There are 2 protein chains.
Amino acid sequence: MAKAEKQRAKKMTMVRAKKSFHHGDLREALIAATRELLIEHGPDGFTLADACRRAGVTTAAPYKHFRDKQEILEEIVARAFDQLKEQNARAVAERGSGTIEGISAMGISYLEFAVAQPAIFRLMFGDLKKSKKADEPGEECLKHVVEEVALYCRKNGHTADAQQVAVRLWTFVHGASSLELDGDYERVVPGLDVHNLIADVTPRLLGATSDIRAPRKKKGELRSDQCEG
Amino acid sequence: MAKAEKQRAKKMTMVRAKKSFHHGDLREALIAATRELLIEHGPDGFTLADACRRAGVTTAAPYKHFRDKQEILEEIVARAFDQLKEQNARAVAERGSGTIEGISAMGISYLEFAVAQPAIFRLMFGDLKKSKKADEPGEECLKHVVEEVALYCRKNGHTADAQQVAVRLWTFVHGASSLELDGDYERVVPGLDVHNLIADVTPRLLGATSDIRAPRKKKGELRSDQCEG
DNA sequence: ACTTATAAGTAAGCGACACTAACTTTGCAA
DNA sequence: TTGCAAAGTTAGTGTCGCTTACTTATAAGT
């Protein structure tokens with residue numbers, strides 16, 4: 001009667017009413033919907049309620065699968081770290097492991113990840129604190145850089161501390177990603193090619209550690225990549 | 001009677017009831033309160049309502065002075081840029097204008113600003129987009145770096161493009177600030193001294209130093225491309 | 001096959017927040 | 001003195017995150 005009609009009507013409003021009442025896999029659906037909204041409206045522009053509407057459930061439904069809003073984001077962040085790790089690995093493998101080009105490509109990969117999904121990138125490194133799950137993947141990302149740098153050093157007879165160098169590279173690439181992401185480059189240095197920036201700087205940061213002193217013009221002559229006017 | 005009593009009672013709850021009903025300078029009071037809350041609870045952890053309570057007014061009062069919540073934040077961000085600019089100028093002046101030490105000090109000043117007021121720093125560069133007011137001050141910050149680099153180059157006979165070098169420095173320092181701020185260094189490289197990091201890298205990015213034995217002789221001719229898979 | 005426990009949904013409601021509208025108080029100026 | 005605009009207030013709207021209590025479908029046990 002009225003009941004049956006109501007049910008049927010509700011069915012129609014569901015986005016994916018596979019099995020009428022139960023949603024099949026609401027957990028994944030919510031993660032997907034949240035991801036979409038994150039991309040569409042930025043990190044703060046999405047609401048859990050919106051994600052529910054998109055998944056075709058009421059706003060109370062998520063709490064059967066997640067403790068709170070934050071937990072959905074944490075799951076997304078954790079997966080994003082895995083994705084970043086994988087993408088970086090692919091980039092470095094393509095251009096040559098333990099080479100400047102490979103390491104540089106890894107940095108550019110990092111940048112491209114950030115640009116491709118700005119909101120998620122911000123969540124990954126923002127203070128919404130990943131707390132638990134995203135800790136390890138983040139470490140693994142840097143660890144991979146350390147390995148590549150160490151390999152490069154071995155190949156080229158450098159004695160530099162690979163970890164220290166890797167931190168430099170990470171820092172620079174992260175800065176470039178952040179500034180590009182927020183549109184700060186665009187605003188302040190309109191024509192900038194960020195890929196080139198990273199490729200230019202990578203070799204500089206790969207150098208050995210300690211003999212940093214006054215500027216010696218001695219060696220200043222040789223590099224054409226230094227700065228063209 | 002009751003009315004008068006109520007009013008008097010309300011007076012007591014006001015934070016600064018200079019003139020009873022009217023608040024003297026609510027605009028400034030709200031900005032101050034918002035700043036405090038920003039520092040206490042992070043960029044997303046504050047509410048306009050809280051700021052009102054702290055200023056001793058109702059939640060409708062702010063709209064006599066600001067269009068919306070965002071406009072308060074924009075004002076704070078604009079002032080923060082001025083403060084950053086000034087602080088950087090002081091830092092470089094102390095250590096010597098146009099010197100590596102001065103430029104390095106400017107970078108460290110940037111970092112310390114970020115660490116001292118993380119929430120505000122994030123607002124400055126986050127995507128909450130400063131839109132109008134914070135545009136110029138941000139540009140001026142970089143412009144100052146460009147000037148210092150140019151001065152340094154002139155002093156030392158470098159031909160480098162000061163703007164390009166300045167962007168490198170900005171990028172690195174911004175990356176260091178972001179990672180330090182979010183606790184990522186702490187998590188991944190616990191013992192790191194970020195000041196040293198900046199001081200180490202500054203000369204490298206200035207093009208001064210050199211120990212880059214990178215076999216990047218000519219673009220087409222890099223060997224060791226294909227090492228292991 | 002029938003019962004039954006439980007996982008997974010709904011409905012209704014709470015408190016908080018951003019913001020609005022309409023009213024009231026106050027200070028200042030003609 | 002009046003009268004008016006600035007700067008408050010009260011009251012209310014819609015939304016959000018989250019909770020509680022109820023309902024429904026599924027799958028297991030006998």
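Hydrogens, waters and symmetry mates are skipped; everything else that's a heavy atom, side chains included, is used. Quick caveat, the model's predicted, so the values are computed rather than measured. Throughout, protein chains are lettered first and strands after them, A, B, ... in sequence-line order, and every chain is numbered starting at 1.
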Checklist outcome for this item: Rounded to whole Å, CZ of A:Arg53 lies from C1' of D:dG14 at a distance of 11 Å

Checklist entry - Hey, does B:Arg95 have a side-chain heavy atom less than 4.5 Å from the side chain of B:Met106? => result no

Checklist entry - Quick one: is A:His65 getting a side-chain N or O under 4.0 Å of the C:dA7 phosphate, OP1 or OP2? => result no

Next on the checklist: Checking B:Glu28 now: which residues fulfil salt bridge (Lys or Arg N to Asp or Glu O under 4.0 Å) with it, not counting sequence neighbours?
Outcome noted: B:Arg79

Checklist entry - Has B:Lys69 got its NZ or CZ under 6.0 Å from the middle of the six-membered ring of B:Tyr63, at an angle within 45 degrees of the ring axis? => result no

Checklist entry - Do B:Thr171 and A:Tyr185 have side-chain atoms, one donor and one acceptor, less than 3.5 Å apart? => result yes

Next on the checklist: What is the distance, to the nearest angstrom, from the CD1 atom on A:Ile72 to the C1' atom on D:dG17?
Outcome noted: 11 Å

Next on the checklist: What does the B/S/- profile of nucleotides 18-23 of chain C look like, 5' to 3', with a 4.0 Å heavy-atom cutoff to protein?
Outcome noted: SBBB--

Checklist entry - Going by the angle between their ring planes, with limits at 30° and 60°, are B:Tyr110 and B:Phe121 parallel, tilted or perpendicular? => result perpendicular

Item to check | Between D:dG17 (C1') and B:Asp44 (CG): distance, integer Å | outcome: 15 Å

Checklist entry - A:Phe66 has an atom CZ; how far is it from atom P of D:dC16, in whole Å? => result 19 Å

Item to check | Atom pair distance, as rounded to whole Å: CZ in A:Arg27 and C1' in C:dG9 | outcome: 17 Å

Checklist entry - Does the salt bridge (charged side-chain N to carboxylate O under 4.0 Å, His left out) test come out yes or no for B:Glu139 and A:Arg187, once each step is laid out? => result CA-CA 8 Å; B:Glu139 285 182 39; A:Arg187 193 173 306 117; over 6 Å; no

